[in-house]
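Reviewing the structure listed below.
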Number of protein chains: 2
Amino acid sequence: MANIRDVAKLAGCSTATVSRFFNQKSVSADTERRIKTAIDTLAFSPNIVARNLKLKRSGMLGMIIPDISEPFFPAVVKTVEDVAWAHDYSLMLFNTQEDENRESQCVDILRGHQCEGILLIKAPPSPEHERYRAKLATLPLPIVYLDRSPDAERDAVLVDNITGAWRGVQHLLKLGHRRIAIVMMGRKVSTHLERLEGYRRALAEHGIEPAGQDIIQTEPTIADAYSATIQLLDRADRPTAIFATNARLTLGVIAAIKSRGLRCPDDISVLGHDGFDWQDVFEPRLTIVDQPGQLMGRRAAELLIGRITGTINGPVRRVVLNPELVVRESCGVYRDHTTSAFSATQS
Amino acid sequence: MANIRDVAKLAGCSTATVSRFFNQKSVSADTERRIKTAIDTLAFSPNIVARNLKLKRSGMLGMIIPDISEPFFPAVVKTVEDVAWAHDYSLMLFNTQEDENRESQCVDILRGHQCEGILLIKAPPSPEHERYRAKLATLPLPIVYLDRSPDAERDAVLVDNITGAWRGVQHLLKLGHRRIAIVMMGRKVSTHLERLEGYRRALAEHGIEPAGQDIIQTEPTIADAYSATIQLLDRADRPTAIFATNARLTLGVIAAIKSRGLRCPDDISVLGHDGFDWQDVFEPRLTIVDQPGQLMGRRAAELLIGRITGTINGPVRRVVLNPELVVRESCGVYRDHTTSAFSATQS
DNA sequence: CCAATCTATGTAATCGATATCATCATCGGC
DNA sequence: GCCGATGATGATATCGATTACATAGATTGG
């Protein structure tokens with residue numbers, strides 16, 4: 001690969017002049033022409049790594065998420081990449097699989113690459129990585145926690161999961177349900193624990209203490225949620241409603257209900273969590289607690305870039321967005337099953 | 001940020017020794033201890049950018065895709081990231097929005113970052129970027145085309161879209177359909193043009209020439225597919241089956257059918273394209289032409305890394321994978337609507 | 001006991017850019 | 001016609017690592 005010296009030699013000038021050419025400094029028309037042809041003949045493309053070493057920047061943002069194939073994340077990542085692009089940043093993406101050890105390696109790699117800031121969807125804390133978490137809180141590098149916040153030392157863009165879940169379960173309670181199960185992700189993921197808390201609070205306000213067997217923790221796959229729900233449904237005293245705390249879990253729950261020949265919401269109600277662009281086409285039309293994924297991505301990316309560029313400074317900012325309860329049919333509010341309107345304004 | 005010189009100074013040795021420490025070369029036990037404490041007290045993390053400049057590597061792979069929020073891509077990206085991780089590569093991700101101009105900028109950025117190879121899902125060619133495409137074919141950098149192949153000069157991992165579509169439409173024809181519409185993405189995306197070709201061939205074999213109004217090109221959003229399908233359904237002579245050429249289009253078609261109060265497959269059949277992990281929960285259970293997204297990601301990533309490391313050399317490799325026709329209910333084969341079995345072995 | 005070998009380490013050039021500082025030619029004004 | 005301002009350019013140190021080469025001290029063997 002050609003470097004700036006080769007170009008300089010071919011154009012008959014110094015590397016400084018070539019560098020000036022690339023940085024819009026004054027270069028005579030004649031040298032400019034020579035440099036241009038030199039660049040063309042050598043198919044030269046400047047080495048951004050070298051430039052960045054000198055400039056102590058990198059133009060890179062890191063994004064660490066549990067799993068891009070989890071339905072909630074693509075919209076977040078998409079928005080982040082868009083915002084990053086608009087500010088001339090590139091994105092390095094890592095999946096942790098909810099493994100804190102892998103997460104810690106990702107952070108190291110990003111630091112090493114002189115990445116200018118990190119958007120982090122934290123994996124659940126594990127006992128053997130306390131040191132890593134302590135380090136995380138003090139790394140001299142802008143980090144914005146997204147979705148989950150392991151500590152209060154840093155900027156974060158979160159969702160009020162407790163209130164969201166509370167609102168959803170309240171909705172079920174208002175409809176008369178008293179035996180409500182929750183199918184949630186195990187592994188102590190904070191967002192799910194918060195949703196559990198919202199669920200508990202709503203029930204408590206109606207004097208209900210959920211039975212241990214109605215709190216079901218499982219892996220966040222459709223298959224696992226399916227099996228767990230099958231067991232739940234096969235119990236003699238099955239609940240009248242199920243709250244599933246993310247998209248795949250919701251689908252697993254629905255799959256189990258369908259496979260047992262039950263109808264939702266007629267036989268059992270389902271409250272889901274997280275929205276998708278196909279939610280208006282799905283049957284039953286799901287009542288869900290909807291997180292504003294795109295907005296989360298946008299706010300987090302803008303906050304991070306603001307910190308990097310210095311547009312934003314001062315104390316820690318914690319943006320807490322409100323999930324929205326989107327009422328459709330799966331909890332039994334609407335009984336009209338023939339017209340499932342689809343809003344054409346929605347993308 | 002501390003650098004290697006600071007560490008050397010604090011440890012009372014030269015930078016060369018510190019470097020040796022990091023690269024597993026022989027260092028005396030005593031210096032090793034001093035270096036370790038120096039690293040700790042300074043919270044030093046080596047600058048990979050500088051190292052890579054010297055070593056002429058970067059440990060980075062680029063992945064350029066149309067849009068991560070398009071349902072087909074997350075599984076591909078996930079697998080690629082996994083394979084990259086297993087080989088100690090990091091991934092830079094870019095969305096082009098099917099805009100070739102943006103794509104070309106992405107390629108420049110990746111080159112600049114000395115990225116070692118690129119996985120490229122090509123945006124459709126636009127007349128004003130011929131020069132870019134010519135350059136692309138000759139860039140001195142391993143590139144593996146994924147899903148779409150703009151030229152035959154490079155490695156590619158593709159799917160036989162013509163045969164896939166042909167097989168699907170054959171299926172419809174065998175079921176007796178003769179008026180089959182296609183709802184496809186406009187913008188001359190090659191994969192969709194190939195699916196159109198497969199559709200045409202299958203029809204031709206039955207002596208059918210599709211009416212121009214049965215070939216519907218639209219933007220790949222649910223909303224646009226919905227509107228386009230509504231118009232189609234409202235025609236006096238509506239077709240008896242619709243082939244939708246990707247996931248969002250399929251959902252838009254289904255949404256339109258539902259919103260017009262029609263039943264699928266009883267009133268109209270739908271052949272979809274692309275699978276998701278929730279496909280077994282969706283109603284109607286869709287018969288689809290399924291692309292092996294994970295396999296594509298894996299093969300492409302392994303091919304790219306093989307080229308980079310030199311494990312794979314020799315002439316251009318073109319891996320063509322077979323899409324699978326997954327027959328469920330939406331074309332009217334199965335009439336048993338009560339048992340929608342869900343395979344628990346599926347993730 | 002000294003040459004030969006090995007081990008641990010330092011010195012300095014290098015990767016490919018940028019940017020400071022110096023230099024030199026040109027030009028307008030008085 | 002001389003002086004200072006302006007513009008174009010070159011030489012060179014620098015960013016933070018690696019590594020070839022040199023060197024000093026320790027070890028080994030005959």
Side-chain angles (χ1 to χ4, degrees), chain A residues 1-36 38-39 42-60 88 90 108-116 140-141, chain B residues 1-36 38-39 42-60 88 90 108-116 140-141:
Chain A
M1 288 290 274
N3 63 27
I4 200 172
R5 244 179 296 264
D6 301 322
V7 175
K9 200 175 297 172
L10 193 60
C13 64
S14 74
T15 62
T17 305
V18 179
S19 175
R20 281 184 204 106
F21 165 82
F22 276 109
N23 294 284
Q24 335 285 2
K25 305 280 171 55
S26 57
V27 177
S28 78
D30 188 49
T31 20
E32 177 167 341
R33 199 169 344 100
R34 273 158 28 226
I35 292 177
K36 272 183 179 163
I39 289 171
L42 294 172
F44 171 73
S45 135
N47 185 328
I48 305 186
V49 172
R51 146 187 271 163
N52 287 343
L53 173 61
K54 178 66 186 176
L55 298 185
K56 294 167 180 277
R57 336 170 24 264
S58 72
M60 283 188 339
D88 290 318
S90 303
D108 283 344
I109 291 172
L110 287 170
R111 274 191 79 193
H113 278 288
Q114 308 306 105
C115 161
E116 296 182 44
L141 175 76
Chain B
M1 289 289 274
N3 62 28
I4 199 173
R5 243 178 297 263
D6 301 322
V7 175
K9 199 174 298 171
L10 193 58
C13 65
S14 74
T15 62
T17 304
V18 179
S19 175
R20 282 184 204 107
F21 165 81
F22 276 110
N23 294 285
Q24 335 285 3
K25 305 278 172 56
S26 58
V27 177
S28 77
D30 188 50
T31 12
E32 176 167 340
R33 196 167 349 97
R34 270 153 35 223
I35 291 176
K36 272 182 179 162
I39 289 171
L42 294 172
F44 170 74
S45 133
N47 185 328
I48 306 186
V49 173
R51 145 187 272 165
N52 286 343
L53 173 61
K54 178 67 186 178
L55 298 186
K56 295 169 179 272
R57 335 171 25 265
S58 71
M60 284 189 339
D88 290 319
S90 303
D108 284 343
I109 292 172
L110 287 171
R111 274 192 79 193
H113 278 288
Q114 308 308 103
C115 158
E116 297 183 43
L141 175 75

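In what follows, every chain begins at residue 1, and chains take the letters A, B, ... in the order their sequences are listed.
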Examine distances only and state if a side-chain atom of B:Asp6 and a backbone atom of B:Asn3 form a donor-acceptor pair shorter than 3.5 Å. yes
Counting N and O atoms only, with roles assigned by atom type, does the side chain of B:Asn47 sit under 3.5 Å from a partner on the main chain of B:Val49, one being a donor and the other an acceptor? yes
Would you please confirm or rule out a distance under 4.0 Å between OP1 or OP2 of D:dT19 and any side-chain N or O of B:Ser19? no
Is the closest side-chain heavy-atom distance between A:Asp108 and B:Ser45 below 4.5 Å? no
Looking at A:Ser58, is its backbone amide N or carbonyl O close enough to the side chain of A:Glu116 to form a donor-acceptor pair, meaning the two atoms are under 3.5 Å apart? yes
Does this structure show an ion pair linking A:Arg33 with A:Asp30, if we count only N-O contacts that are shorter than 4.0 Å? yes
Compute the angle between the rotation axes at the two ends of the helix from C:dC1-D:dG30 to C:dC30-D:dG1, each taken over five pairs, rounded to 10 degrees. 40°
Please output the side-chain donor-acceptor pairs of residues 8-15 of chain A that fall under 3.5 Å, not counting sequence neighbours, one pair per line with the distance.
unit_1: A:Ser14; atom_1: OG; unit_2: A:Ala16; atom_2: N; d: 3.3
unit_1: A:Ser14; atom_1: OG; unit_2: A:Thr17; atom_2: N; d: 3.4
unit_1: A:Ser14; atom_1: OG; unit_2: A:Thr17; atom_2: OG1; d: 3.4

Starting at atom CD1 of B:Ile39, determine the distance to atom P of D:dA17, rounded to an integer number of angstrom. 10 Å
Euclidean distance, atom CD of residue A:Gln114 to atom C1' of D:dA17 [Å, nearest integer]: 11 Å
Grab the CZ-P distance between B:Phe21 and D:dT18 for me, whole Å please. 12 Å
Comparing A:Phe22 and B:Glu32 on DNA chain C - which has the more 5′ nearest nucleotide: B:Glu32
Which part of the nucleic acid, if any, lies within contact of A:Asn23, taking any heavy atom under 4.0 Å across all strands shown: a base, the sugar-phosphate backbone alone, or nothing? sugar-phosphate
Can you check the A:Lys9 NZ to D:dG10 P distance for me, whole Å? 14 Å
OP1 or OP2 of C:dA8 versus the side-chain N and O atoms of B:Thr31: is any pair under 4.0 Å? no
Taken to the nearest whole Å, CG/B:Leu42 to P/D:dG16 is 13 Å
Spacing between A:Arg57 atom CZ and D:dG16 atom P, to the nearest angstrom: 15 Å
Atom NZ of B:Lys25 and atom P of D:dA17: how far apart are they, to the nearest Å? 16 Å
Return a single string for nucleotides 11-16 of chain C, one symbol per nucleotide in 5' to 3' order, where B is base contact, S is sugar-phosphate-only contact and - is none, cutoff 4.0 angstrom on heavy atoms. B--BBB
Run the numbers on B:Met1 and B:Phe44 for side-chain contact (heavy atoms from CB on, under 4.5 Å), then give the verdict. CA-CA 8 Å; B:Met1 289 289 274; B:Phe44 170 74; over 6 Å; no
Mind checking whether B:Thr31 and B:Arg34 have side chains closer than 4.5 Å, heavy atoms only? yes
Please examine the side chains of B:Asn52 and A:His113, heavy atoms only from C-beta on, and report whether any two atoms are closer than 4.5 Å. yes
